[in-house]
Engineer: 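Pasting a structure here, questions to come.
This is a predicted model, so every value here is computed, not measured.
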Amino acid sequence: MSPDFTLEEGQYLTLTYSGRYDTHDEHLRILQEAIQKRKLKAVGQFLEFLLIDIHETQRYDEYVTQLQVRVVAE
């Protein structure tokens, strides 16, 4: 079986948060600000991983989402 995708080698900046999905844009903004603050540059697409979602719990406050993006020094 082949994977759906392969992560490129490199350094990634990650933000993990809990709660509803409708806060996604807010957390994406926080991640982008962290990139700028550290004088990094995002390379490629921002990735979203649903670590705990509707398949594990019906409680929004138990959802866990992780955002990742590969970064390089500016």
Engineer: Rounded to the nearest 0.5 Å, how far does CD of Q36 lie from CG of L31?
Structural biologist: 10.5 Å
Engineer: Look at atom CZ of F46 and say whether more than 12 heavy atoms of other residues, nucleotides or ligands are closer to it than 6.0 Å.
Structural biologist: yes
Engineer: If I take atom CD1 from residue I52 and atom OG1 from residue T57, how far apart are they, to the nearest 0.5 angstrom?
Structural biologist: 8.0 Å
Engineer: Does one hydrophobic cluster hold both V69 and V64, with members joined at side-chain heavy-atom distances below 4.5 Å?
Structural biologist: no
Engineer: Please say whether more than 12 non-hydrogen atoms of neighbouring residues, nucleotides or ligands are located less than 6.0 Å from CD in E26.
Structural biologist: yes
Engineer: Going only through I, L, V, M, F, W and Y residues with side-chain contacts under 4.5 Å, is there a path from L51 to F5?
Structural biologist: yes
Engineer: What residue among V71, I35, V72 forms side chain to side chain contact (heavy atoms under 4.5 Å, CB included) with K41?
Structural biologist: V72
Engineer: Specify the closest pair of heavy atoms between Y21 and I54, including all atoms of both residues, with the distance to one decimal.
Structural biologist: OH-N, 4.1 Å
Engineer: Looking at side-chain heavy atoms only, is the closest gap between L67 and H24 below 4.5 Å?
Structural biologist: yes
Engineer: So, applying side chain to side chain contact (heavy atoms under 4.5 Å, CB included) with Q66, which one of L50, T16, L47, L15 is it?
Structural biologist: T16
Engineer: Please tell me if the side chains of L7 and Q68 come closer than 4.5 Å, counting only heavy atoms from C-beta onward.
Structural biologist: yes
Engineer: About how many Å separate CZ of R59 and OG of S18, when rounded to the nearest 0.5 Å?
Structural biologist: 11.5 Å
Engineer: Rounded to the nearest 0.5 Å, how far apart are OH of Y63 and OG1 of T23?
Structural biologist: 12.0 Å
Engineer: Looking at every non-hydrogen atom in both residues, tell me the closest pair between R70 and Y12 and how far apart they are.
Structural biologist: N-CD2, 3.4 Å
Engineer: Same cluster or not: L40 versus I30, using hydrophobic residues (I, L, V, M, F, W, Y) connected whenever any side-chain heavy atoms lie under 4.5 Å apart?
Structural biologist: yes
Engineer: Considering residues, nucleotides and ligands other than E33, do more than 12 of their heavy atoms fall under 6.0 Å from its CD?
Structural biologist: yes
